[in-house]
Amino acid sequence: MCSIMAYCGVCRTREEFEESFDQTVSRGPDMSRIIDTGKGLLGFHRLSIMGLSEAGMQPFELDGSHCICNGEIYGFRPMKEELIRKGYTFVSGSDCEILLPMYREYGTKMFGMLDAEYAMVLFDAATGEFIAARDPIGIRPLYYGYTPEGTIVFASEPRNLVKLCVTILPFPPGHYYKGGKFIAYRQIDRVSHPVKDDLETVCTNIREKLIAGVEKRLDADAKVGYLLSGGLDSSLVCAIAARKSDKPIRTFAIGMDEDAIDLKYARQVADFIGSEHTEVFMTREQVLDVLEEVIRTLGTYDITTIRASIGMYLVCKWIHENTDIRVLLTGEISDELFGYKYTDFAPSANAFQLESEKRIRELHMYDVLRADRCISANSLEARVPFGDLDFVEYVLSVDPALKINTYGKGKYLLRHAFEGGNWLPDTILWREKAAFSDAVGHSMADDLKAYAEEHYTDIAFEQKRRMYSFAQPFTKESLLYREIFEKYYPGQAQMVTGFWMPNKSWKGCDVNDPSARVLANYGDSGK
């Protein structure tokens with residue numbers, strides 16, 4: 001990960017910019033630079049992943065134009081060779097150095113050409129304007145806000161903007177900003193060409209596209225590790241990576257010290273694929289001690305996101321403090337495509353599809369946000385193979401009648417795609433899903449709810465929750481999180497659309513807790 005920030009006008013003081021920008025130095029602890037373009041300031045905190053020499057430091061410059069980018073441009077080498085043939089020269093091995101030449105050649109059409117996870121801001125010296133863009137899923141974070149004087153400011157995280165801007169909002173994924181407008185260049189949640197393939201063809205394509213998505217994310221000049229929960233998604237990522245690597249991969253799992261559900265399954269996977277595996281344990285005291293820091297880091301009040309972040313934050317902290325790994329592959333963005341436990345209750349195939357599209361559209365505020373913040377706060381980079389653009393576009397386009405759970409087993413297409421081939425033990429491949437926040441140990445969520453219960457009487461809870469008209473807290477736990485959020489991001493609740501919850505309009509999903517444990521079909525998921 002890296003951190004970027006752009007003040008697109010005359011800044012009141014450089015010191016004010018520096019103070020705000022340094023809130024996210026953990027995203028890029030290797031080297032920092034701020035430049036004055038003459039029209040505004042660009043800042044970059046670097047975490048070296050590709051092109052590790054100082055020559056890869058940003059902002060990059062081309063004839064007075066400058067660019068900052070937090071991202072990975074996959075398949076950049078052929079594009080770089082084409083640009084060299086056009087007469088451009090390069091001084092580093094950084095993938096992001098191609099962006100300014102691409103902009104000169106293709107203008108804003110370049111954004112739709114990138115196979116990338118990125119957030120970028122470019123200063124065009126010829127026009128004197130700033131242009132910003134974000135990848136179609138929003139895997140890399142980007143926020144914006146306006147100062148009291150009306151100047152737009154872009155930054156990797158909202159905490160960069162709290163002291164500068166009146167209102168802070170997430171930059172819309174799949175858009176670029178130019179001339180004061182946000183313009184869509186790729187809306188991946190909208191299916192333009194439905195896939196009519198039969199089930200076996202679909203599953204073959206799912207397998208091959210996911211393998212390709214993992215393989216391209218193994219390309220790094222820094223060391224790579226893997227988060228392994230023992231669930232289907234992270235296990236598949238690790239199994240593919242192990243088969244594509246010429247030496248054992250390093251995997252990491254975390255759980256509560258007293259009732260970790262998934263650690264035994266993660267160990268089974270690690271033994272099966274031959275990884276060098278590490279188990280990390282967390283205690284009730286650690287969970288409660290880190291709660292406020294996790295909420296400050298996330299910039300959200302959402303219950304699901306916070307619960308699921310605590311284990312991820314602590315395992316990433318352990319990795320940062322005890323290894324020299326810089327890149328982590330994770331299993332996010334599978335549920336949104338293939339289904340959650342609650343989507344078993346979808347009343348129709350079309351309802352399932354609409355829910356999947358909604359989840360992909362809002363993903364940057366929930367699971368993707370969680371992975372980015374927990375990993376980047378510990379000076380690591382997240383890579384998400386299930387978020388590969390070709391993979392996401394294909395699975396979203398598959399006939400929802402094939403994706404809806406009519407098989408008696410959720411995520412059937414993904415499981416069947418890797419059936420045979422000795423990728424995983426059948427006990428893992430066909431195991432019931434458990435949410436990560438539950439699988440680290442049911443005691444963790446119970447401890448958090450009990451801790452919140454101690455903070456408020458019933459009367460105080462009713463009085464305090466009614467202070468918030470937007471995303472009103474509905475449990476003592478949600479009120480506790482909201483009050484911590486407001487401490488660091490006062491009045492900015494609309495950065496998130498609300499609480500991540502099952503679709504309450506579906507029969508069986510009208511619940512008051514986001515945990516899959518409260519659903520009637522949870523079954524053997526927590527065993």
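Starting from 1, each residue takes its place in the sequence as its number.
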- Task: Step by step, work out the side chain to side chain contact (heavy atoms under 4.5 Å, CB included) result for His416 and Leu199.
- Result: CA-CA 10 Å; His416 185 51; Leu199 186 142; 3.6 Å; yes
- Query: Which atom pair, heavy atoms only, marks the closest approach of Leu337 to Phe386?
  - Reply: CD1-O, 4.0 Å
- Give a yes or no on whether a salt bridge exists between Glu72 and Arg217, defined as a side-chain N under 4.0 angstrom from a carboxylate O. no
- Query: Hey, which of Phe182, Phe21, Tyr143, Tyr177 is the one that makes ring-ring contact (aromatic ring centres under 6.0 Å, His included) with Phe154?
  - Reply: Tyr177
- Item | Distance flag, aromatic centroids of Phe171 and His175, threshold under 6.0 Å | no
- Evaluate the side-chain proximity of Tyr412 to Phe338: yes if any heavy-atom separation is below 4.5 Å, no if none is. no
- Message: Does this structure show an ion pair linking Glu357 with Arg361, if we count only N-O contacts that are shorter than 4.0 Å?
- Response: no
- Message: Checking Thr24 against Asn160: is there a side-chain donor and acceptor pair closer than 3.5 Å?
- Response: yes
- Query: Any donor-acceptor pair under 3.5 Å linking the side chain of Asp22 with the backbone of Val25?
  - Reply: no
- Grab the two heavy atoms, one from Tyr456 and one from Leu480, that are nearest each other, plus how far apart they are. OH-CA, 3.2 Å
- Message: Ignoring hydrogens, what is the shortest heavy-atom contact between Tyr185 and Pro136? Give both atom names and the distance.
- Response: OH-CD, 3.6 Å
- Min side-chain heavy-atom separation Arg267-Leu263 under 4.5 Å: no
- Task: Could you label the plane-to-plane angle of the Tyr342 and Trp500 rings as parallel, tilted or perpendicular, counting under 30° as parallel and over 60° as perpendicular?
- Result: perpendicular
- Item | Close side-chain approach of Phe252 to Tyr226, heavy-atom, < 4.5 Å | no
- salt bridge (Lys or Arg N to Asp or Glu O under 4.0 Å) partner of Glu477, chosen from Arg465, Arg307, Lys449: Arg307
- Query: Cation over ring, Arg431 on Tyr265, under 6.0 Å and within 45°?
  - Reply: yes
- Task: Write down the atom of Ala260, the atom of Gly255, and the distance for their closest heavy-atom approach.
- Result: CB-CA, 3.6 Å
- Task: Establish, from distance only, whether the side-chain atoms of Ser397 and Glu393 form a donor-acceptor pair under 3.5 Å.
- Result: no
- Item | Step-by-step side-chain hydrogen bond (donor to acceptor under 3.5 Å, both in side chains) determination, Tyr340 to Glu355 | CA-CA 10 Å; Tyr340 294 89; Glu355 190 74 6; over 6 Å; no
- Item | Arg370 and Ser309 side chains, donor-acceptor separation under 3.5 Å | no
- Think Arg140 forms a cation-pi with Tyr118, using NZ or CZ under 6.0 Å from the six-ring centre and within 45 degrees of its axis? no
- Query: Any side-chain heavy atom of Val237 within less than 4.5 Å of one from Thr330?
  - Reply: no
- Task: Answer yes if the ring centres of Phe418 and Trp423 are under 6.0 angstrom apart, and no otherwise.
- Result: yes
- Pairwise side-chain contact, Thr475 with Asp513, heavy-atom cut-off 4.5 Å (strictly under): no
- Tell me, do Pro490 and Phe485 make a side-chain contact under 4.5 Å, heavy atoms counted? no
- Item | Side-chain ion pair, Arg186 and Asp135, N-O less than 4.0 Å | no
- Look at the side chain of Asp458 and the backbone N and O of Phe461, then say whether any donor-acceptor pair between them is shorter than 3.5 Å. no
- Query: Heavy-atom distance under 4.5 Å between the side chains of Arg296 and Arg159, does that happen here?
  - Reply: yes
- Item | Crowding at NZ, Lys507 (>12 non-hydrogen neighbours, <6.0 Å) | no
- Query: Under 4.5 Å between any side-chain heavy atoms of Tyr366 and Asp302, yes or no?
  - Reply: yes
- Does atom NZ of Lys317 have more than 12 heavy-atom neighbours, drawn from other residues, nucleotides or ligands, at distances under 6.0 Å? no
- Task: Please answer whether the main-chain N or O of Cys2 pairs with a side-chain N or O of Asn70 as donor and acceptor at a distance below 3.5 Å.
- Result: yes
- Query: Is the shortest distance from a Lys or Arg side-chain nitrogen in Asp388 or Lys216 to a carboxylate oxygen in the other one below 4.0 Å?
  - Reply: yes
- When you measure from the side chain of Lys504 to the backbone N and O of Cys509, does any donor-acceptor pair fall under 3.5 Å? no
- Task: In plain terms, say whether Arg383 and Glu381 are close enough for a salt bridge, that is, a side-chain N and a carboxylate O under 4.0 Å apart.
- Result: yes
- Message: Side chains of Lys163 and Gln23 only: does a donor on one sit below 3.5 Å from an acceptor on the other?
- Response: no
- Could you walk me through whether Val496 and Tyr301 pass side chain to side chain contact (heavy atoms under 4.5 Å, CB included), step by step? CA-CA 8 Å; Val496 184; Tyr301 47 83; 3.8 Å; yes
- Task: Identify whether the distance between the nearest side-chain nitrogen and carboxylate oxygen of Glu454 and Lys476 falls below 4.0 Å.
- Result: no
- Item | Criterion side chain to side chain contact (heavy atoms under 4.5 Å, CB included) on Val327 and Leu380, from CA distance to verdict | CA-CA 6 Å; Val327 177; Leu380 302 164; over 6 Å; no
- Query: Arg415 side chain to Leu429 main-chain N or O, any donor-acceptor pair under 3.5 Å?
  - Reply: yes
- Query: Counting only N and O atoms by type, is there a donor-acceptor contact under 3.5 Å from the side chain of Lys411 to the main-chain atoms of Leu232?
  - Reply: no
- Message: For the OH atom of Tyr488 and the OG1 atom of Thr297, what is their distance to the nearest 0.5 Å?
- Response: 9.0 Å
- Donor-acceptor pair, side chain of Ser356 and main chain of Glu336, under 3.5 angstrom: yes
- Message: Does either side chain, that of Ser234 or that of Ser229, offer a donor lying less than 3.5 Å from an acceptor on the other one?
- Response: yes
- Note on the structure: Correct closest heavy-atom pair for Ser379 and His320 would be CB-CE1, 3.8 Å
- Here the pair of heavy atoms bringing Gly231 nearest to Ser235 is O-OG, 2.6 Å
- Message: One thing to verify: whether Lys487 and Glu292 come together as a salt bridge, which I'm taking to mean a side-chain N less than 4.0 angstrom from a carboxylate O.
- Response: yes
- Message: Are there over 12 heavy-atom neighbours, none belonging to Glu462, within less than 6.0 Å of that residue's CD?
- Response: yes
- Report yes or no: does Asp372 contribute a side-chain atom to a donor-acceptor pair with the main-chain N or O of Val368 at less than 3.5 Å? no
- Item | Stepwise side-chain hydrogen bond (donor to acceptor under 3.5 Å, both in side chains) check, Asn205 with Tyr394 | CA-CA 9 Å; Asn205 287 334; Tyr394 180 78; 2.9 Å; yes
- Message: Around atom NZ of Lys223, are there more than 12 heavy atoms from other residues, nucleotides or ligands closer than 6.0 Å?
- Response: no
- Item | Exercise: do Asn350 and Ser348 side chains pair donor with acceptor under 3.5 Å | no
- Quick one: does Tyr489's side chain have a donor or acceptor within less than 3.5 Å of a partner on Met495's backbone? no
- Task: Using modelled atom types only, decide if a donor and an acceptor are shared between the side chain of Asp233 and the backbone of Asp335 within a distance under 3.5 Å.
- Result: no
- Indicate whether any N or O donor in one side chain lies under 3.5 Å from an N or O acceptor in the other, for Tyr468 and Glu486. no
